[in-house]
Amino acid sequence: MSETVTMTRLKIERGETILKVDGLKKYYGELEVLRDIDLDIKKGEVICVLGPSGSGKSTMLRCLNLLEVPTGGTIDLKGEVVFDGSKPKNLDELRRETGMVFQSFNLFPNMSAKQNVSIAQIRVRGRKKAESDQRSIEELTKVGLAEKVDEYPDRLSGGQQQRVAIARALAMDPEIMLFDEVTSALDPELVKGVLDVMRSLADSGMTMICVTHEIGFAREVADRVIFMDGGYIVEQGPPDEVLGNPKEERTQKFLGLVLDH
Amino acid sequence: MGDFFDIFFNFQFMADHFSYVLEGFWWTIKLSIVGGICALTWGLILAVVRQLPGKPLAPVRWIVIAYIDCLRGIPMLLTILLLSSGLATMASQGVIPREIGIPQWFGQSDYFWYGVIALTLTYGAYMAEVYRAGIEAVPRGQTEAARSLGMSHGQAMRFIIVPQAVRKVIPPLLNDFIALMKDTALVSTIGLVEAVQAGRDLYSEFYNPSGYTLGAIMFLIVTIPLARFVDRLIKKQNEKFQRGLP
């Protein structure tokens with residue numbers, strides 16, 4: 001345990017590689033969902049992953065914190081192996097370093113917003129109740145929900161729930177945030193509030209990987225855009241290039257379809 | 001008509017022997033409460049063990065499944081007889097310590113404890129299935145959210161999944177509790193004078209079944225309000241899901 005704790009305290013400077021993925025594969029039986037994914041993610045980088053549904057982008061994201069166990073390939077976090085091609089290592093430590101926000105929010109319905117944000121701080125980070133409460137209120141205030149700390153999820157709008165979910169992940173002091181189509185389940189008028197929170201998070205220097213359909217957000221905020229299709233990374237690069245002047249035919253076709261409506 | 005009342009609702013007879021039946025019913029209550037609490041706990045343990053993840057623990061899961069299937073598949077009367085005679089025999093032959101084979105913990109008789117153990121073993125198995133349904137009804141996203149926050153499987157179960165699951169299954173658990181309460185009557189077969197046996201004693205002595213009626217009334221005084229309460233809980237839960245519909 002003590003070894004793994006030192007691992008999590010390793011300092012990574014901005015611009016250094018924080019997460020390295022090599023030859024990541026995922027099969028569901030015969031179905032190949034991820035074929036051969038290589039990724040090198042730098043600290044502070046904001047990455048947006050685009051692609052048609054079924055392209056494997058959500059599966060890739062879920063593999064990064066091992067909610068899905070990959071079929072092959074390796075994942076290194078801060079130079080430490082967290083997946084060696086067959087089984088996870090330092091699993092709980094990896095998950096402590098990576099916050100995840102889901103399309104369906106997944107707030108705990110039997111807890112208030114504050115308790116949602118506090119529970120893992122207390123049980124996983126070992127913070128005292130008073131300390132965690134204070135931190136929860138801080139995080140909820142940052143996402144614009146200072147008045148809602150004692151509300152239960154069923155009394156919050158989708159956008160508010162999603163912002164609680166973001167606060168919940170951030171309160172764990174993650175080094176990387178994973179966003180899995182976090183605005184896809186929201187009514188259009190609620191999307192902006194969530195994207196604003198993500199934008200300010202990006203500005204604060206958080207390392208972010210966002211699977212998204214929000215092309216505008218990707219263009220504006222991403223340092224790098226990844227386009228996936230059929231389980232491969234088809235094309236990646238700065239948003240100007242991938243979105244403005246895509247080289248690959250599949251990217252052009254996809255962008256044509258999503259931008260033309 | 002007068003005969004009917006004389007036979008089944010002989011109030012004079014009931015009044016004369018009220019305290020005897022009540023004393024029996026007090027045992028019914030004690031068995032139900034102690035057995036009920038133990039069964040609720042044991043059932044939850046079984047359900048949680050059954051959900052343990054990973055290949056290495058598969059044998060543990062199989063054992064639990066086999067246990068649940070067996071205990072649900074044999075009459076509780078048989079469990080009581082097998083347990084009481086088995087434990088007593090093993091204790092008398094020195095295979096197990098006397099304090100375990102013929103338990104008289106907290107000043108209660110061994111009959112009482114045999115009853116409690118049998119109720120726990122049998123109803124624990126029933127309730128494990130109820131808890132399991134509750135655990136499986138909690139959306140997968142809840143586990144994923146908990147795990148993504150760094151909780152272990154055990155922490156996710158304890159702090160996130162089980163509290164939600166238990167809330168969902170309180171009505172069916174209470175139904176099982178009502179069934180358990182009625183099955184305490186089976187403990188009379190090994191010598192405990194609970195409400196039903198009290199009626200039998202009175203009948204064999206006075207040849208009047210009003211003692212049975214009195215026992216039935218005592219049961220109903222507890223079970224009918226419980227059944228109504230369960231219904232109200234279910235209705236309330238349904239309303240929560242149907243909010244907004246006409």
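Within every chain, numbering begins at 1; the chains are lettered A, B, ... in the order of the sequence lines, protein sequences first and strands thereafter.
With chain B as partner, the option from A/Val124, A/Ile119, A/Val101, A/Leu107 having the largest number of non-hydrogen pairs under 4.5 angstrom is A/Val124.
A/Tyr28 OH: more than 12 foreign heavy atoms inside a 6.0 Å radius. Atom NZ of A/Lys89 has 12 or fewer neighbouring heavy atoms from other residues, nucleotides or ligands inside a 6.0 Å radius.
No part of A/Ser104 comes within reach of chain B, as not one of its non-hydrogen atoms sits under 4.5 angstrom from that chain. Both the backbone and the side chain of B/Glu144 come within less than 4.5 Å of a heavy atom of chain A.
In this structure a side-chain-to-backbone donor-acceptor pair under 3.5 Å is missing from B/Gln164 to A/Pro109. Using modelled atom types, no side-chain atom of A/Asn106 and backbone atom of B/Gln142 make a donor-acceptor pair closer than 3.5 Å.
Paired with B/Arg147 under the rule side-chain contact (heavy atoms from CB on, under 4.5 Å), one option of A/Leu66, A/Asn65, A/Leu91 passes, and it is A/Leu91.
Atom CE of A/Met111 sits about 9.0 Å away from atom CZ of B/Phe159, to the nearest 0.5 Å. Considering CE of A/Met100 and CG of B/Leu149, their distance stands at 11.0 Å, rounded to 0.5 Å. If you take CZ on A/Arg168 and OG on B/Ser148, they are separated by 6.5 Å, rounding to the nearest 0.5 Å.
Scanning both residues, A/Phe108 and B/Ala145, for their nearest heavy atoms gives CE2-CB, 4.0 Å.
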